[in-house]
Amino acid sequence: MTSPNDLLLAVLRDPARMTAFSPDQWNRLLRYARLTKLVAKLGYLAQEHSLLDSLPGKARDHFTAAQAIATQHQRIVRWEVNRVCRALVGVDADVVLLKGAAYVAASLPPARGRLVSDVDIMVPKAIIGRVEQALIDHGWEHINLDPYDQRYYRTWMHELPPMRHIDRQAVMDVHHTILPETGRLHPDADALFDAAQPVEGLPVKVLCPTDMVLHSAAHLFQDGDLNNGLRDLTDLDDLLRHFATQPDFWDQLVPRAVRLDLQRPLFYALRYCHDLLNTPVPDGVLQAARVARPAGLALPLMDRLVTMAMSVSKAHQRPWVHAWARWTLYIRSHWLRMPPTLLAKHLTHKALKDWFAYSPGAK
Amino acid sequence: MKVGDLSVSETRDRLMGQGIRLRIGPMVTQLQVRFPNLAQHVHFLYKDTPFIDEPCIVDFEVKLAPPPALRRWFQGGAAIYLDGIMNFGPFDPAIAMPMLEWCLNGCVFNRPNQYLILHSAVIERDGRAAILPAPPGTGKSTLCAAMSLRGWRLLSDEVAMIRPSDKQLLPVPRPVGLKEGSIDVIKRFEPTAAVGHAWPGTRKGTVAHMRPPADHVARADEPATPAWIICPRYEADAATTFEPIPKADALLYVAHDAFNYSLLGTTGFETFADIVDACDCYALVYSDLNEAVGVFNALTPPRATAHPDRS
């Protein structure tokens, strides 16, 4: 697989390239970075590579402005985590923060410059009803009370329908595992809880390093949430570079993927991090992960789709191709999410609902 | 080069083509307008505004253009694209010019978070600036338009853009939005005022814009030091009153309506608290613009008194 010629990917691979950029390149870079919510992150990359002094003042201003928003998101997330802990004082539960909230709470590298739109937590399935009630008692409510959506989440998904706090408007997703129950892969939630690690100063936990990487990989390549595809890939890149310094991390990663039934998403994560972002991955680990690669034409097809979906300049030059790649990956993720008959029913319902919602006179 | 150095048809060609990079205070806006008949209005309102010909980093790419065919038929013939993404619309092309002005305001309100951005008009004389915070409908734009025609320099009718490092107010000299009755009030107050075409049928009724005086636009790189915070309120037939208000009240009043005060967290508070400390704070109620001008002209430099708890 060859690396695509994409301005933003090139800068993510080698931030020093920014020092030689023309105004036109800057305008394109900033536009792409804005679309992928990576402006603030570019600023931190520039800072870490001691490039800020060699960049145009205007570019630095854009970084500063975006970082102000990211900093506010982090402040909000920290406060939301504080409020969740308070709401769950009476519920004797292991609460594990996931994704953005976990990166922020544990001060991990992906938190730098990251916009966090909602707080994701995971609690054991046995007590999820008590957690939900405690949250409702403390001011959270379900955003969408449509009976089909409620049933969809409760029966088939790995999380409750999204909730929002009535005063602060912050959105929260309460999970009991990391992939839909109806899906092809079934990671063992108990194993995730058993390995979860405490966060300093907070009564919550985060997934252990291998599991955090595997969850991020599963979210992106199995659950197919590609709205922030490139941002999520940079999360993985940050996590892999950060955890690489811990003894045993690389040795444990593939065996842990086997244990959690997440070999395929891990294969994709390592492949695309390595190929698109030059993430250093030991050859032995890449080789071991390759065991889980898809057969036949599936891999070249996936290579094309992911590369297209992650390349913003492509989206710009050929929006239809990019949209097609994203759509195909979306369908793929739904295919992996539920059995075919259920999928057919679900997509029919959604299509009919959208049709009636957008038809003239509706509201 | 200023937009006024171009003819209307040259302006039109550029707006229809690659666009014009307008330099408004610290911001550069690349503006494209795909409606040839609007070029004369852009040319009128931005006559004194400099533009940049050589390649440069732009802050906002704004394009006013017809939306895709289906949406054009069903929803309206014009839309505004910000950085290539539809930001406003589709809407009726008959109100495209006020919509464009709102979008350009919106860019300044929401994006440059390297600055503290308050929802206030700012005027300056002798290097000292008055911040005029006021929610819509209090006559802030009318008042600052009038002041700009009576010897006070207009920095902005909508935003106080404050650089946290030195607490200086940066000018963003853009056309002043006037609504309904205010349009004639300003024309009567100063017949030479450069008030543009009036556009009926917007969500705020009839709207027109006044081009700021040329020398105010020319001094867009000259910041000003905050000296007074004056909360104005227009009340029909009211006698003019001008009363000091507690600094804490002024801080909360301004913060409540600010664009990014809370977003900036500690920086927002520290910056603005320093400014409130350095300013004298007043509430102004007026119905007669000339009397209001008299109040401003009688202002004396502030007796800067730091709050005892903040040093």
Side-chain angles (χ1 to χ4, degrees), chain A residues 18-19 21-40 42-43 52 55-79 113 115 168-169 312-320 322-323 358-362, chain B residues 18-19 21 23-32 52-63 68 70-71 73-75 81-87 107-117 161-165 170 221 258-271:
Chain A
M18 285 189 280
T19 54
F21 270 9
S22 68
D24 176 55
Q25 284 172 308
W26 271 111
N27 287 330
R28 273 160 50 214
L29 178 71
L30 289 169
R31 189 191 257 219
Y32 299 158
R34 218 174 277 128
L35 285 170
T36 48
K37 303 178 187 161
L38 286 170
V39 181
L42 288 183
L52 281 180
L55 302 183
K58 208 68 182 149
R60 287 203 303 267
D61 281 349
H62 278 268
F63 292 154
T64 310
Q67 285 167 349
I69 298 175
T71 305
Q72 186 207 29
H73 280 219
Q74 309 215 346
R75 197 163 52 234
I76 291 171
V77 165
R78 282 177 205 280
W79 181 240
L115 303 183
R168 301 188 302 273
Q169 298 295 307
V312 208
S313 55
K314 288 275 191 319
H316 224 65
Q317 291 147 11
R318 294 150 68 200
W320 291 107
H322 181 80
Y358 285 116
S359 61
Chain B
Q18 287 296 302
R21 283 189 285 269
R23 195 162 74 80
I24 302 170
M27 304 290 139
V28 177
T29 303
Q30 173 137 347
L31 179 64
Q32 294 174 300
I52 302 176
D53 249 343
E54 57 275 19
C56 66
I57 300 180
V58 301
D59 294 284
F60 321 114
E61 290 175 46
V62 176
K63 184 165 89 173
L70 268 176
R71 301 196 67 177
W73 293 330
F74 286 110
Q75 292 172 302
Y81 296 81
L82 177 57
D83 295 324
I85 295 170
M86 196 186 290
N87 182 250
C107 290
V108 178
F109 296 166
N110 295 316
R111 281 274 192 83
N113 290 307
Q114 66 270 35
Y115 305 117
L116 172 62
I117 307 169
M161 190 176 270
I162 299 160
R163 192 160 52 197
S165 56
L170 307 184
D221 289 333
F259 290 111
N260 68 354
Y261 170 79
S262 63
L263 187 144
L264 292 186
T266 322
T267 309
F269 174 77
E270 297 286 346
T271 304

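Chain identifiers are assigned alphabetically (A, B, ...) following the order of the sequence lines, protein sequences preceding nucleic acid strands; residue numbering begins at 1 within each chain.
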Comparing A:Q67, A:K58, A:Q25, A:R60 against chain B, the one with the most heavy-atom pairs below 4.5 Å turns out to be A:K58

Let's test your reading of the structure: which of A:T64, A:I69, A:T71 forms the most heavy-atom pairs below 4.5 Å with chain B? A:I69

So, does A:N27 use its side chain to make a donor-acceptor pair with the main chain of B:C56 at under 3.5 Å? yes

Quick check: closest heavy atoms across [X] and [Y], and the distance to 0.1 Å?
X: A:R75; Y: B:L263; answer: NH2-O, 2.9 Å
X: B:L264; Y: A:A68; answer: CD2-CB, 3.7 Å
X: B:R111; Y: A:A65; answer: O-CB, 3.5 Å
X: B:V58; Y: A:H62; answer: O-NE2, 3.8 Å
X: A:D61; Y: B:Q114; answer: CB-NE2, 3.2 Å
X: A:R34; Y: B:D59; answer: NH2-O, 4.1 Å

Sub-4.5 Å side-chain heavy-atom contact between B:I85 and A:L35: yes

Interchain contact, B:E54 with chain A, by part (heavy-atom threshold 4.5 Å): neither

If I measure from the heavy atoms of chain A, does B:P112 come under 4.5 Å with its side chain, its backbone, both, or neither? backbone

Just wondering, are more than 12 heavy atoms of other shown residues or ligands nearer than 6.0 Å to CZ in B:R23? no

Surrounding CD of A:Q169 (heavy atoms of other residues, nucleotides or ligands, distance under 6.0 Å), is the total greater than 12? yes

Engaged part of A:L30 at the chain B interface, taking heavy atoms whose separation is under 4.5 Å: side chain

